[in-house]
Every structure is written in C-alpha cells, then in structure tokens.
Amino acid sequence: MPSEETVEVIQRELLDWYREHRRDLPWRKDKDPYRIWVSEIMLQQTRVDTVIPYYERFLNQFPTLNDLANATDDQVIKAWEGLGYYSRARNLHSAVKEVAANYGGKVPDELKTISKLKGIGLYTAGAILSIAYDKKAPAVDGNVMRVFSRLFAIPDDIARQSTRKKMELIAEHLIPAHAPGDFNQALMELGAMICTPQSPHCLFCPVQTVCHAFHEGLQDELPRKKKAKPPVQVNVLFAWFLQGDKVLIEKRPDTGLLAGMWALPTVEQQAGESPLRTMEKFCDKKTIPATNYIVKSQLEHIFSHLHWKIVLVQAEVTDSTFPLPEGWEWSELDDLHTKAFANVYRKALKNLL
DNA sequence: AATTCGTGGCC
DNA sequence: TGGCCAAGAAT
C-alpha cells in the first residue's frame, strides 16, 4: 500500500486536475441516482462517444425512474437497439421495476441493497453510491485498473478477477472521504484522457511524480493482460420467408445471444452442407410450407466470441395459415423498422429490402 | 476461473 | 487491414 504522504499527493493532484479538465458529459449535469445508473449501465464496455446519443434519447424517452418502470419491454429494448450487450437493457428494466415496486422509487443507497439489483455488480454499485450519494465505495473499472497498474507498477494480469479484488483494496485505501464521487471519476477520467491504453500522455499526467511505471519507463509494458481467444467461426443461415408484403420474424429467447431481440429465423448449418439443403431441412423441421428457395447474398459478422459466416436464403411461403413456431410472427415489411433488431440483422435486412 | 454476452472506432 | 479495446455482469 502507498504511504500516507503518497496517498495525499494522489488525492490532491487528481482532484485538482479533474476539476479543471473534466469533460462536460450529459450524465454529469446533476447527481440524479437514476440518471447516473442509466449512464453506468450504458457505459459498460462501451465508448463514451457511442453512448452519448443513446443516453440522450433514452433519458428523453424515460426521464424518471417511474417512466422507465412503466415502459414496456419492447419500448426499452427498442431504445437499446444497436448499443449491444442487450441483457443490460433487460436487467436495467427489471431492476428499475423492482426499485419502483419495493423501494418506493428511490434507488438504494447502501452497497448491500443496491448490489442485489439485476445488472449491478461491484463496479456499478460503487459508481452509483459514490457519484450520486457521496459514499466512500470503490468503483474499479478498466480505466482504474490500468491507472493503478502503472501508478504502482503492478504486474498482475488485469484480465483476472483476483486482480480486480486487489485493485479494489487499493481504491478503498485511496478514496478521500470528502470527495469519493469526484475521486472515482477522476481516476476514470485520467485513464480515458491521459493514462490511455496505447501511448499514454505521461508528460501531462498530474500524478507523474509519484508514478512507478513512469520512473521505470514501464508505461508501455503495463498493464499486463492475457490475450482474448479468437472468435469461433460458425456458419449460419438467415431465412427470408416472404408472402406478399409480409415476412416471418423470430423473437430470440430472453437469455443468451441477442436476448429478447427480433431476428430473422436463424439456423446453424453443418459444415459442408449446402445452404439450400439446410433451408430444406429447416422448413421440414418447422413444417413451413415454402418454395422457390434462392440464395440472396452472404455476409459476415464478428461478435466478441463468434464469427458468423451468414447466408441469406429467401423463400416464398405458400400458405400463411400454417401454425407458427414459438416466438415467430408475421411482420409487414413497412413495420420492420419499429421492431428492435440487433445490428447483425439490420445489416442483413439492408441487403434484402 | 473462464466464458459468454455487441458493436464501432482506431491506428 | 485486422487486432485491440471500451465506465462489467452473470454464470
């Protein structure tokens, strides 16, 4: 642990720097716990510039916690369309309804309580408690781990959970009781603007004088991080089942990949199997009366852990009165824009419409 | 502990 | 251009 003297230098320099240089971000206009909460969920694994327009629209559509609690699932997921990690939206909606129903609409201000809400882990709990309620709670995200890794020359792999635990102990030790919210945000802001992953701007760093990595020239070697595995390749088929100006769409299950989003009927295809044969078996299994199969186009989409090689196959449904598979619906072509589709399906639709 | 969850921007 | 990364949580 750093000495008391070092702790004081870090606190003072970081707070002074933050109060001078902090970005004017839309979630920094007030300390409404609900607004802070929404911003923290959106910012998980997502860049500030990407979040800003979503945040503005979302808060415009759901200005208060009760507005969100009273919204439908479809409204919420549509507001999240394109932002990714869609379970965040479902968990947020669920948790907000829980707060409205069981906490009188007031976001809990205790770690033990707020941590029970869906989608709120230790980081998000600490961020909300410190920023909205001025509570001394650690909020260790990727920025903070990178900053600590360099500041104290910690060689541990920041991809490991045990490393985050270590960092949280350090954060507890560093956070000043008089400004926990600003200090936590200062650490993150430093990571975002100065102590960046590549080529950190050490010459402008407010804590350069006490930075272990800088003095040893290790800023480009730290933090250490295990490389992610490459995405697994999977061949999938998107079905474009037309009848007149209607098309079949499928609501994905509320867990797993693209949870709760609308999709084109999707099936994995075996290696070496032709798209038309896959389509034939798919229709047979789902007892879909369709004919005139045509391969329309092919595309690829890379998720974090999956690499989809996609074939788009069109077919004409000959009898629209057949029993629909669970979760399937007919949609007017003109209504597709009102449904929430993940980007991979938006890309496909662009090729088809 | 290691995986699973999206997407877009950057060099 | 493709690998890397971004205010993580759930399982």
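Chain A is the first sequence line, chain B the second, and so forth, proteins listed ahead of strands; every chain is numbered from 1.
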Colleague: Can you check the Tyr345(A) OH to dG6(B) P distance for me, whole Å?
Modeller: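 These atoms are roughly 11 Å apart.
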Colleague: For DNA chain B, whose closest nucleotide is more 5', that of Asn343(A) or that of Leu306(A)?
Modeller: Leu306(A)
Colleague: Does Ala139(A) reach a base, just sugar-phosphate, or nothing at all? Heavy atoms under 4.0 Å.
Modeller: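 Ala139(A): no heavy atom of the nucleic acid under 4.0 Å.
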Colleague: Could you pull out all residues at least two apart from Tyr345(A) that satisfy ring-ring contact (aromatic ring centres under 6.0 Å, His included)?
Modeller: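 Counting only residues at least two positions away or on another chain, Tyr345(A) forms a ring-ring contact (aromatic ring centres under 6.0 Å, His included) with Phe238(A).
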Colleague: How about Lys118(A): does its NZ atom have over 12 heavy atoms from other parts shown lying under 6.0 Å from it?
Modeller: no
Colleague: Can you list the other members of the hydrophobic cluster that holds Phe282(A), where links are side-chain heavy atoms under 4.5 angstrom apart?
Modeller: Leu237(A), Phe241(A), Leu248(A), Val267(A), Leu276(A), Met279(A), Ile288(A), Tyr293(A), Val295(A), Val311(A), Val313(A), Val317(A), Phe322(A), Leu324(A), Trp328(A), Trp330(A)
Colleague: Rounded to the nearest Å, what distance is computed from the CD atom of residue Glu300(A) to the P atom of nucleotide dG8(B)?
Modeller: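 So the two atoms are 16 Å apart, to the nearest Å.
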Colleague: Respond yes when some side-chain nitrogen or oxygen of Tyr86(A) is under 4.0 Å from OP1 or OP2 of dT7(B), and no when none is.
Modeller: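 So the side-chain polar atoms of Tyr86(A) do come within 4.0 Å of the phosphate oxygens OP1 or OP2 of dT7(B), strictly under.
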Colleague: Looking only at atom P, what distance separates dG6(B) and dT11(C), rounded to whole Å?
Modeller: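 About 14 Å, rounded to a whole number of Å.
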Colleague: Give the nucleotide from the list dG8(B), dA2(B), dT3(B) with an atom nearest to the side chain of Lys229(A).
Modeller: dT3(B)
Colleague: Rounding to the closest angstrom, what is the interatomic distance between dT4(B) and dA7(C) at atom P?
Modeller: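 The same atom, P, in both gives a distance of 23 Å.
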Colleague: Met145(A) pairs by side-chain contact (heavy atoms from CB on, under 4.5 Å) with which of Ile158(A), Leu187(A), Ile170(A)?
Modeller: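 Exactly one candidate clears the test, Ile158(A).
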Colleague: On the nucleotide dT3(B), are OP1 or OP2 found under 4.0 Å from the side-chain N or O atoms that His305(A) carries?
Modeller: no
Colleague: Side chains of Lys251(A) and Asp74(A), heavy atoms from C-beta outward: is any pair under 4.5 Å?
Modeller: yes
Colleague: How does protein reach along nucleotides 6-11 of chain C, written 5' to 3' as B (base within reach of a heavy atom under 4.0 Å), S (only sugar-phosphate), or - (no contact)?
Modeller: BBBSS-
Colleague: Crowded around Arg160(A) CZ? As in, over 12 foreign heavy atoms under 6.0 Å?
Modeller: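 No - once you tally the heavy atoms of other residues, nucleotides and ligands closer than 6.0 Å, there are 12 at most.
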Colleague: Mind calculating the distance between NE2 (His307(A)) and P (dT7(B)) to the nearest angstrom?
Modeller: 14 Å
